[in-house]
Colleague: 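First the structure, which I've put down as structure tokens, then a few questions once you've had a look.
Quick caveat, the model's predicted, so the values are computed rather than measured.
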Amino acid sequence: MQENRFHLAGYLAARPTLRSLPSGTAVANVRLGQTYRLSRNGLPAEHTNWFSLVFYGDLATLAMELDKGTNVYVEGSFDQRPMTDQQGRKRYAYEVTVQKFFRIGRASDEDAQSESAYHPPGREALSDEIDSGDQTVASVPWAI
């Protein structure tokens, strides 16, 4: 059995950008950063890993309601996409195709929801999970 499942939590570097494929499918792109604090040679240091996130369809529309600096948890698949650079050399883009995502709130936020899942404003929260697949109703599988 093989499985390609990727789990990330971090902060968005910018507001997602939205475009459409020729088929009309909505696509949103954004980068997510994870900063680690470590110690090098006895001195404190920080390192940030950056990940490219891609949202398709309804998730792309929902992702447009996220802002720069939003703390999110995403589940998806890690994908390699071939491309050609301006010099004609073959390169690869590595990105996470998001299948589910949650907004991670802070306990000190006045407007924090009792659940950590992301629910778009003005829409009834039918579930605690946003899923690109079968739109199932499920509870949050992890605690913050």
Colleague: Which is it for Leu53 and Phe101 under the side chain to side chain contact (heavy atoms under 4.5 Å, CB included) test, yes or no, and what are the steps along the way?
Modeller: CA-CA 11 Å; Leu53 304 181; Phe101 73 98; over 6 Å; no
Colleague: Residues two or more places apart in sequence or in another chain: which of them pass side chain to side chain donor-acceptor pair (under 3.5 Å) with Glu3?
Modeller: Arg5
Colleague: Which donor-acceptor pairs under 3.5 Å do side chains of residues 20-32 form with protein atoms, sequence neighbours excluded?
Modeller:
unit_1, atom_1, unit_2, atom_2, d
Ser23, OG, Thr25, OG1, 3.2
Arg31, NH1, Ser52, OG, 3.3

Colleague: Measuring from atom CZ of Phe51 to atom CD of Glu95, what distance do you get when rounded to the nearest 0.5 angstrom?
Modeller: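 Reported to 0.5 Å precision, the distance equals 13.5 Å.
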Colleague: Let me check something: any side-chain donor-acceptor pairs from residues 82-89 under 3.5 Å, sequence neighbours excluded? List them with distances.
Modeller:
unit_1, atom_1, unit_2, atom_2, d
Asp85, OD1, Gln87, N, 3.0
Asp85, OD1, Gly88, N, 3.1
Asp85, OD1, Arg89, N, 2.8
Asp85, OD2, Arg89, NE, 3.1
Asp85, OD2, Arg89, NH2, 3.3
Asp85, OD2, Arg91, NE, 3.2
Gln87, OE1, Arg89, NH2, 3.2

Colleague: May I have the step-by-step check of side chain to side chain contact (heavy atoms under 4.5 Å, CB included) for Arg15 and Asp67, ending in yes or no?
Modeller: CA-CA 5 Å; Arg15 186 164 166 66; Asp67 290 317; 3.3 Å; yes
Colleague: Could you state the interatomic distance from OH (Tyr11) to NZ (Lys68), rounded to the nearest 0.5 Å?
Modeller: 14.0 Å
Colleague: Mind checking what makes side chain to side chain donor-acceptor pair (under 3.5 Å) contact with Tyr36, not counting sequence neighbours?
Modeller: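 Partners of Tyr36 by the side chain to side chain donor-acceptor pair (under 3.5 Å) criterion, ordered by chain and then number, come out as Gln34.
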Colleague: List the atom of Ala9, the atom of Ile104, and the distance in Å for their closest heavy-atom pair.
Modeller: CB-CD1, 4.2 Å
Colleague: Please enumerate all residues that pass side chain to side chain donor-acceptor pair (under 3.5 Å) together with Thr97, with sequence neighbours excluded.
Modeller: Asp79
Colleague: Hydrophobic clusters join Ile, Leu, Val, Met, Phe, Trp and Tyr when side-chain heavy atoms are under 4.5 Å apart, directly or via other members; which others share one with Trp50?
Modeller: none
Colleague: Mind checking what makes side-chain contact (heavy atoms from CB on, under 4.5 Å) contact with Thr35, not counting sequence neighbours?
Modeller: Glu46, Thr48
Colleague: With sequence neighbours excluded, tell me which residues meet salt bridge (charged side-chain N to carboxylate O under 4.0 Å, His left out) with Arg19.
Modeller: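 So Arg19 forms no salt bridge (charged side-chain N to carboxylate O under 4.0 Å, His left out) with any residue.
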Colleague: How far apart are the closest heavy atoms of Leu59 and Lys100, and which atoms are they?
Modeller: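 Closest pair (atom of Leu59, atom of Lys100, distance): CD1-N, 4.3 Å.
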Colleague: Could you tell me whether the side chain of Pro44 reaches within less than 4.5 Å of the side chain of Arg37, counting heavy atoms only?
Modeller: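 The answer is no; the side chains never approach within 4.5 Å.
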Colleague: Only counting residues at least two apart or in another chain, list the ones meeting side-chain contact (heavy atoms from CB on, under 4.5 Å) with Ala14.
Modeller: none
